[in-house]
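Data block below; observations after.
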Amino acid sequence: MQDSDFLYQLDAAVLDAHSQRKSAENFASSIKKFIAYVEENSNSTCSLIHLCKEFHFQRRRFYDVINVLEALNFCKKTGVDEMVWYGRANFKKMLLQIKKSSIKEENNFDQCISISVLTVRFIKSFFTFNSQTINIKDIGNYLSRENGRTKTTTCKLYQIAHILEAASVVEKTIMPGEISLPEEYFRIEETQPKIPFTIEQLLNTPAPIKSMQQDSVLLDVDDLASHLAA
DNA sequence: AAATCCCGCCATTAG
DNA sequence: CTAATGGCGGGATTT
């Protein structure tokens with residue numbers, strides 16, 4: 001007997017055909033459980049299909065979750081049916097990077113709307129507009145201004161927001177369509193631990209750490225800090 | 001009616 | 001070729 005039966009469809013329908021009716025509740029809770037689990041086994045590779053089954057995700061949905069999480073560096077696909085979970089600390093580094101990049105306004109004439117790219121632009125919007133709360137509808141219009149595909153873009157933004165809310169990186173407001181980025185993340189720079197540099201250390205630093213690099217390069221403050229600590 | 005987001009067809013890519 | 005991946009957006013549900 002083949003495994004192909006697992007392939008296309010779903011399973012989920014059979015499982016909760018009678019029990020739970022709140023499918024949205026299931027999706028969100030699956031994400032939470034999945035993250036809680038993988039958070040404990042950080043830095044070790046795991047099988048996507050296993051996780052998918054384990055937490056009762058519909059295959060197609062699981063790819064969505066992985067893609068938005070990977071776009072924010074929570075994890076990374078390391079091969080076919082394989083990924084590594086890095087966690088929130090790594091996400092914060094990405095957040096800082098996104099914040100830095102929010103300064104420049106790039107022209108995106110992208111034809112394809114990938115959920116990964118949209119995820120980053122979505123988060124980037126908080127910084128671009130320097131607002132802790134943004135409206136999905138507005139951002140949808142904004143991000144689709146070049147391609148006119150507002151419907152698809154907005155649908156995806158709802159999808160992304162839903163996943164990110166379950167992942168606790170974003171929160172819904174009482175206002176319809178309003179999404180907020182928690183202080184902790186919105187003020188990412190301020191919450192970065194102060195590096196206890198001493199005059200001596202700074203004087204002994206050979207050359208300017210951040211010379212003329214591409215601003216796309218992630219300057220790892222944590223690594224620098226631990227390096228000096230050693 | 002408007003806001004949400006479920007759902008899965010099928011094109012694309014990897015092996 | 002088969003299996004893994006994910007673009008895309010219609011339309012069912014909630015609010």
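Chain naming here is simple, since letters A, B, ... match the order of the sequence lines and numbering starts at 1 in each.
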Given dG7(C), dT5(C), dG9(C), the nucleotide with the shortest approach to the side chain of R60(A): dG7(C)

For the side chain of K151(A) and the base of dG11(C), is some donor closer than 3.5 Å to an acceptor across the two? yes

The single option from F55(A), F27(A), F34(A) that satisfies ring-ring contact (aromatic ring centres under 6.0 Å, His included) with F62(A) is F34(A)

Could you tell me the separation between the CD1 atom of I115(A) and the P atom of dC6(B), rounded to a whole number of Å? 12 Å

Which of these nucleotides, dG15(B), dG6(C), dG9(C), is closest to any side-chain atom of V80(A)? dG15(B)

Atom-pair distance (CG on N147(A); C1' on dG9(C)), nearest Å: 13 Å

Send over the distance from I136(A) CD1 to dC5(B) P, rounded to a whole Å. 7 Å

What is the separation between atom CG on L48(A) and atom P on dA14(B), rounded to the nearest whole Å? 15 Å

Qualifying side chain to side chain donor-acceptor pair (under 3.5 Å) pairs with a residue from residues 75-89 of chain A, counting only residues at least two apart or across chains: E39(A)-W85(A), S47(A)-D81(A), N67(A)-K77(A), E70(A)-K77(A), T78(A)-E82(A), R88(A)-Y185(A)

Polar side-chain contact R61(A)-dG6(C) base: donor and acceptor under 3.5 Å: no

Hey, does K137(A) reach any base, or is it just sugar-phosphate, or nothing, if we go heavy atoms under 4.0 Å? sugar-phosphate

Between C1' of dC7(B) and OH of Y158(A), the distance in whole Å: 18 Å

Nearest-Å distance, OH (Y63(A)) to P (dA11(B))? 18 Å

Rounded to whole angstrom units, what separation is found between the CD atom of Q58(A) and the P atom of dC9(B)? 11 Å

Specify the separation, in whole Å, of atom CD1 of I113(A) and atom P of dG6(C). 16 Å

Give a yes or no answer on whether the side chain of S180(A) reaches the backbone of Q132(A) with a donor-acceptor pair at less than 3.5 Å. no

Under 3.5 Å: donor-acceptor pair, side chain of S114(A), backbone of V117(A): yes

Test: E54(A) and K33(A) ion pair at under 4.0 Å: no

Taking dC7(B), dA4(C), dC8(C) as options, the one with an atom nearest any side-chain atom of R59(A) is dA4(C)

Once you apply a heavy-atom cut-off of 4.0 Å, does D64(A) come out as touching a base, just sugar-phosphate, or nothing? nothing

Touch class at under 4.0 angstrom, heavy-atom based, for R149(A) against every strand present: sugar-phosphate

Looking at K77(A), I'd like to know whether one of its side-chain N or O atoms comes within less than 4.0 Å of OP1 or OP2 on dT13(B). no

